[in-house]
A.B. asks: 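Would you mind keeping the following structure in view while I ask a few things?
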Amino acid sequence: MTFARTRDGFAGAEAANIRIGDIVAVFAQGPIGLCATAGAKLRGASMIIAVDGVNERLNISRKLGADVTLNFRECDVVGEILKITGGRGVDAAIEALGLQSTFESALRVLKPGGTLSSLGVYSSDLTIPLGAFHAGLGDNRIVTSLCPGGKERMRRLLNVVASGRVDLGALVTHTYRLDDIVVAYDLFANQRDGVLKVAIKPS
């Protein structure tokens with residue numbers, strides 16, 4: 001299982017400046033978004049709202065700390081989040097997919113003064129909707145994160161895993177022997193059978 005991209009999720013939660021008691025929305029629950037959900041829990045969020053279009057991933061997000069899960073195929077996510085927060089919006093939104101639609105939804109649910117932490121890798125220009133941006137007067141902060149490295153950071157993240165504060169085992173959905181690595185890569189490359197992460201074992 002690759003650890004580098006999952007570290008992005010924790011970095012996104014840190015960049016979102018989540019404080020104890022904050023309400024956080026995490027858009028997309030792939031491996032990176034799931035780690036952002038776990039990171040938000042570790043940083044003391046009082047409510048985490050996870051958004052995805054795959055119910056299996058939303059089920060995993062509950063194991064990693066999500067309090068509310070929303071399937072964007074089944075509801076108006078922006079409307080639901082605003083309803084949940086009494087119209088106030090969330091303190092922090094984490095966008096972990098890299099699409100205009102998820103970026104815009106994350107911005108639309110953000111309260112004035114909140115932080116949008118963007119982890120997505122975008123393949124085209126982003127458009128910021130004026131209303132969601134409060135015409136530039138909302139005191140919102142938009143930050144992007146590149147997976148930070150370093151021995152000290154890795155030591156701290158491994159301490160979190162070793163302590164049992166977060167169980168990332170839920171991210172490993174498939175296990176293959178080393179002899180079957182070609183089959184494993186094909187499964188992952190084509191995103192079949194609900195795959196998130198594949199563990200390769202020597203035998």
Side-chain angles (χ1 to χ4, degrees), residues 2-18 24-40 48-58 60-61 66 69-82 85 89-149 171 173 185-198:
T2 31
F3 199 58
R5 289 298 286 160
T6 54
R7 285 184 299 172
D8 288 347
F10 289 104
E14 290 170 317
N17 194 30
I18 297 166
V24 179
V26 184
F27 287 81
Q29 294 295 298
I32 296 171
L34 287 167
C35 284
T37 295
I48 301 167
I49 304 166
V51 178
D52 202 273
V54 180
N55 285 326
E56 290 80 8
R57 291 184 175 195
L58 292 172
I60 294 172
S61 74
T69 57
L70 299 174
N71 188 322
F72 68 79
R73 300 181 197 281
E74 300 172 359
C75 69
D76 168 16
V77 169
V78 171
E80 284 297 314
I81 292 175
L82 291 176
T85 60
V90 298
D91 300 287
I94 301 172
E95 196 284 311
L97 188 58
L99 296 177
Q100 171 70 37
S101 58
T102 50
F103 178 86
E104 187 170 325
S105 293
L107 191 57
R108 288 188 183 282
V109 301
L110 196 61
K111 72 165 193 175
T115 299
L116 192 163
S117 176
S118 173
L119 296 171
V121 178
Y122 303 95
S123 57
S124 60
D125 291 344
L126 286 172
T127 301
I128 297 179
L130 195 61
F133 197 52
H134 307 287
L137 302 175
D139 196 26
N140 293 120
R141 183 171 169 254
I142 299 173
V143 295
T144 61
S145 298
L146 178 65
C147 177
L171 296 180
T173 54
Y185 268 101
D186 182 69
L187 173 79
F188 187 78
N190 292 288
Q191 288 292 292
R192 293 192 309 271
D193 194 29
V195 66
L196 282 175
K197 291 286 184 182
V198 178

A.B. asks: Which atom pairs, donor and acceptor, lie under 3.5 Å between side-chain atoms of residues 30-38 and protein residues at least two apart or in another chain?
C.D. replies:
from, atom 1, to, atom 2, distance (Å)
T37, OG1, Q29, OE1, 3.1
T37, OG1, Q29, NE2, 3.2
T37, OG1, G33, O, 3.1

A.B. asks: N55 versus E74: any side-chain heavy-atom pair under 4.5 Å?
C.D. replies: yes
A.B. asks: Can you name the closest pair of heavy atoms from A96 and L119 and give their distance?
C.D. replies: CA-CB, 4.1 Å
A.B. asks: How close do V51 and I81 get, counting heavy atoms only, and between which atoms?
C.D. replies: CG2-CD1, 4.2 Å
A.B. asks: Which residues satisfy the salt bridge (charged side-chain N to carboxylate O under 4.0 Å, His left out) test with D52, sequence neighbours excluded?
C.D. replies: none
A.B. asks: Run the side-chain contact (heavy atoms from CB on, under 4.5 Å) test against R73 and tell me which residues pass, sequence neighbours left out.
C.D. replies: N71
A.B. asks: Can you tell if the side chain of V90 reaches within under 4.5 Å of the side chain of V24, non-hydrogen atoms only?
C.D. replies: no
A.B. asks: The criterion is side-chain hydrogen bond (donor to acceptor under 3.5 Å, both in side chains); which residues satisfy it with D186, sequence neighbours excluded?
C.D. replies: N190, R192
A.B. asks: Using the salt bridge (charged side-chain N to carboxylate O under 4.0 Å, His left out) criterion, which residues pair with D76? Sequence neighbours excluded.
C.D. replies: none
A.B. asks: Just wondering, do L116 and F27 contact through their side chains at under 4.5 Å, heavy atoms?
C.D. replies: no
A.B. asks: Could you give all pairs that pass the salt bridge (charged side-chain N to carboxylate O under 4.0 Å, His left out) test and reach residues 109-121, with sequence neighbours left out?
C.D. replies: D91-K111
A.B. asks: Which pair of heavy atoms, one from V109 and one from A93, lies closest together, and at what distance?
C.D. replies: CG2-CB, 4.5 Å
A.B. asks: Among T115, I142, N140, find the residue that satisfies the side-chain contact (heavy atoms from CB on, under 4.5 Å) test when tested with L110.
C.D. replies: N140
A.B. asks: Pairs under 3.5 angstrom only: tabulate donor-acceptor contacts from the side chains of residues 120-131 to other protein residues two or more places apart or in another chain.
C.D. replies:
from, atom 1, to, atom 2, distance (Å)
Y122, OH, E95, OE1, 2.5
Y122, OH, S118, OG, 2.7

A.B. asks: Going by salt bridge (charged side-chain N to carboxylate O under 4.0 Å, His left out), name the residues that satisfy it together with R108, two or more places apart in sequence or in a different chain.
C.D. replies: E104
A.B. asks: According to side-chain contact (heavy atoms from CB on, under 4.5 Å), who are the partners of T69, at least two apart in sequence or on a separate chain?
C.D. replies: A50, L58, S61, R62, A66
A.B. asks: Look up atom CG in L196 and atom CD in Q191, then write down how far apart they are to the nearest 0.5 Å.
C.D. replies: 7.5 Å
A.B. asks: Minimum heavy-atom separation for I94 and A13, please, with both atom names.
C.D. replies: CD1-CA, 3.9 Å
A.B. asks: If you define the side chain from C-beta out and look only at heavy atoms, does anything of N17 sit under 4.5 Å from R141?
C.D. replies: yes
A.B. asks: Suppose we screen for side-chain contact (heavy atoms from CB on, under 4.5 Å). Which residues come up paired with Y185, at least two apart in sequence or across chains?
C.D. replies: I181
A.B. asks: For L99, enumerate each residue passing the side-chain contact (heavy atoms from CB on, under 4.5 Å) test, keeping only those at least two apart in sequence or located in another chain.
C.D. replies: L97, S101, T102
A.B. asks: Tell me the closest heavy-atom pair linking A92 and I18, and the distance in Å.
C.D. replies: CB-CG1, 4.2 Å
A.B. asks: With a 3.5 Å distance limit and no angle check, can you tell me whether S117 reaches the backbone of G12 through a side-chain donor-acceptor pair?
C.D. replies: yes
